[in-house]
Structure formats: C-alpha cells, structure tokens
2 protein chains.
Amino acid sequence: MAESNAGDETGRLRLDRRARRRQETTEEILDLATEVMTEHGVNGLTLAEVARRLGVQTPSLYKYFPSIGAVYDALFERAAQQNLDALREGMARGEPGLDSLTTGLEASGRWVLKNQALAQLLFWRPVPNFEPSPAAFAPSKEIAGIQQQAIVEAVTAGQLGPDAFEEAGYMVAILIKGVLTQAMANEPHLDWGKGRYTPLFPKLLKLLPAAYPPART
Amino acid sequence: MAESNAGDETGRLRLDRRARRRQETTEEILDLATEVMTEHGVNGLTLAEVARRLGVQTPSLYKYFPSIGAVYDALFERAAQQNLDALREGMARGEPGLDSLTTGLEASGRWVLKNQALAQLLFWRPVPNFEPSPAAFAPSKEIAGIQQQAIVEAVTAGQLGPDAFEEAGYMVAILIKGVLTQAMANEPHLDWGKGRYTPLFPKLLKLLPAAYPPART
DNA sequence: GTCTATACTCCGATAGAC
DNA sequence: GTCTATCGGAGTATAGAC
C-alpha cells in the first residue's frame, strides 16, 4: 500500500509493459518451437532445444508453459487461427460460391505450404498422447462451417445441384487434402502453383458441377 | 573340415533350419515393431519396446538389425511390397482401364486402412533423418508405373482423352491420397467403404472423363 | 545368439537460491 | 523470472562373458 507514490498511471504502465513483455516472450517461444519442428519434425520438438535457441535454461520455460503439451496446444491453436485467417482473406477475393471457395482454399494451401510443420500438427495428429483442447480446436471447427456455407451459396447460385448439400463438403476436403498431401510428401520445397499437384486444384474444383449437376434452367 | 561326418544332407538341413528360424525371428520383430507404431505412433517405435514384447534384451535385436534405421527400412520395404500386392490383386478383378484402376485402388485403400501405421511411414515420411534405401523404395516406384499403365489403357479404350497421358496419373494420386488422408485423420476406425470419405472414391474416379473427355466417336 | 554391464546422450519436470 | 542442481527416466549402441 505504502510502497510507491509514483501514481496510478505509472503503475499501470509498468504492469502493461510487463504483460506485453511476457506476451512477446511467449510468442517468441512459439516461433522458435515452430523452427525446431520444421528442422527436426513435429515430434522432434523439445523444450531443451527451444531454451537453447532462446538463450535461456530449460526450467525458465516453465514460467511460460506448464508442460510441453501446453506448447503443442498453443501451437495448434495459433496454426488453426492463421489457417482460418488465410481462408477468410482468400474467400473475400472471390465471388460468392465456387469462385470464392477456390480462391479461399488456394490461399489456405499457400499458408499450408509455407507452414508445413504446423500443418502436419493440425491435419495429421502425429504427436502421440496429444489431443488439442476444445479452445485450441475451435478455429478448426469454424473452417468446416465456412466451407459448408460456400457450398450452400454455390447451390443457391445454381452452380451445384441440391444433392451437393450432403456430400460436396467432404469432396472439397478430399480434394484440398489430397493436393496438399501429395505436394508436401513429394515436392515440399515448392510454393503453391508450382509443380505437379497444386496447379491441378482449380481443375479439380471445376469438376464439382459434373458430380452435382444443377437443374437445367 | 573334419568336424562332423553327418553328411551333406543333414548339414544342409541344419543350415536351412537355422536360416528359417532366423527369418522367422526377423519377421516377428517387424510384426512387433508394427504393433508398437500402431500404439505409439510411427515415431514411437523403439527397439527397447520391441525387445520387451519379444521377451528378450535390447542388445539381442542388434543380431538381426544393425540399427533402428534398418528396422524402419525393412518396414518401409515390406509395407510397399504389401501395398503393391494389394493393388495388383485388386486390378486383376476389374476390366482393363478405369474399372481395373478403381478396383485396384480400392483394394490398396483397404490395405492402407488396415495398416495405418505402415501407411504413414510409406506416404507421409514422419521420421526425421530416415530416407528409405533404393531397394526399399523399388516397390513404390512400381506402383506409380502400374497406375500410369492403367491410364494408358483407359485412353486406348477411349475412356479418356489423350491429354490424360500427362496429368491424369497425378490426379488419381491426389484423389486416393485425399480420401485416405481424410479417412485416417477423421475416421481411423472405419473400414474402406464405411463413413463419409471412402464411399466417395468411385464417384471421384468417374469424374476423370469429365476432366479429360475422350474424342466423340 | 543370448545375456549382463555399461557408456553415452538426451529429455521432462521439480526444488530452491537469488 | 532467472539460475543451478537434481531426480528419474528413456533411448541407442557397444563390449565381452557364456
């Protein structure tokens, strides 16, 4: 109570600064963890290696995360959020319906190829005994909803027949995951749009009307 | 030279028996390694755990494999060979062309869903610092050739246009990998033909003629 | 071909001084 | 919030007796 008379303002600023500094360190830990996963595989992440790169001793990291599982969880959530953002931005660049879905998934694919370690954590679940928390999983659920909404708009616009409601979302997921799996396994150093697989994606999405033909007008 | 007069026949039988016993143990090690990967993930394979399950001390395994990398290599080769066998058998049950390709890839998909740990080793390369040897990779190369051959037959039979030569093999790879990736990530306990993804595979392959329309006759 | 013993390296996590 | 020290455990691999 009687320690410092510097005033409320300075006190709050100091707290804010500390909170901000802590937040920055937390983000840096996650950045370094992503680097380690990129070099040593998703399972090759260790707190010891992150600590070395941060220039700090391993136990210090436990002031920021209670366990390595918590680090994975934060990585999962951040990755899902970034992928969701990429999808949203990409979809905004296209006309509602199949066009928007195409530009959105291409933007999502670009993010995946530039963040392959995070994408593996997100899509393939390669870490035994790690299950993302509900909070970390929330953005992933939103992605599925957004894609289904695009299908609905494509049906409304007459681009797809009404039988697309049930199945087309799964088909779209198959197509984008197939393209990305092949690209990551066989051409991991190429960006989206290069190589043998990702350029085929627009062609694949254009096949959807053949699978779910709209009623002729 | 002058050790035993039991005769050539007995000597050869003894050698054969020893060789057979050694081969059996080798196979058992690979079976147990597959079990461990199924339970603990592909990266969760350790020689210590395999030794425990075999009822033997860890160093004994080094009489059969010089390193854990050699175990991964043998697993990779065996998996690729089994998958190739499944594809061949499945293709033999269909008419040459797209029909054969469909039945073959469905049989391959059935094998994958029943051997998911091996399939991950085969398709996703989740083990850092492990590259399959050329010998282990040979069956995988043959699979690509067989699929391309089926495309050629489909074009010859007039099911696909000639522009399929270049691209359709990659498209087929995208489709089967997409279906399997989604099934393994979201419905790993379901067999082929069940769930939301694998039943869509025939429908997807039937879209190929829409992508590469044959010349009208 | 099996064992014991061991060298070596690494990791996650906690306790407690500062 | 950082450090040192430490516990407890795991793994790969080798040496050498039997």
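None of these values were measured; they are calculated from a predicted model. Numbered from 1 within each chain, the chains take letters A, B, ... in sequence-line order.
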Closest approach of B:Ala74 and B:Leu30, non-hydrogen atoms and distance? CB-CD2, 3.9 Å
Could you tell me the separation between the NZ atom of A:Lys63 and the P atom of C:dA17, rounded to a whole number of Å? 14 Å
A:Thr46 side chain near C:dC11 phosphate (N/O to OP1/OP2, under 4.0 Å): yes
Can you tell me how far C1' of C:dG1 sits from CD of B:Gln23, to the nearest Å? 16 Å
Can you say whether the rings of A:Phe137 and A:Phe76 are parallel (under 30°), tilted (30 to 60°) or perpendicular (over 60°)? parallel
Distance check needed: C:dT4 P versus B:Leu61 CG, whole Å only. 14 Å
Need one value for A:Thr58: base, sugar-phosphate or nothing, where a base atom within 4.0 Å counts as base even if backbone is also close, heavy atoms only. nothing
B:Asn43 has an atom CG; how far is it from atom C1' of D:dA10, in whole Å? 15 Å
Can you confirm whether A:Arg110 sits close enough to A:Asp191 that some side-chain heavy atom of one is under 4.5 Å from a side-chain heavy atom of the other? no
Take atom CG of A:Leu45 and atom C1' of C:dG12, then tell me their distance rounded to the nearest Å. 12 Å
For atom CD of A:Gln57 and atom P of C:dA13, their distance in whole Å: 17 Å
Would you indicate, yes or no, if D:dG11 has its OP1 or OP2 atom less than 4.0 angstrom from a side-chain nitrogen or oxygen of B:Arg52? yes
What's the CZ-C1' distance between B:Arg18 and C:dT2, to the nearest Å? 14 Å
Short side-chain N/O contact from B:Tyr62 to OP1 or OP2 of D:dG16, under 4.0 Å: no
Under 3.5 Å: donor-acceptor pair, side chain of A:Gln82, backbone of A:Leu118: no
Nearest-Å distance for atom pair CG/C1', residues B:Leu54 and C:dT2: 12 Å
Could you please name the option among D:dT4, D:dT12, C:dG12 that lies closest to any side-chain atom of A:Pro59? D:dT4
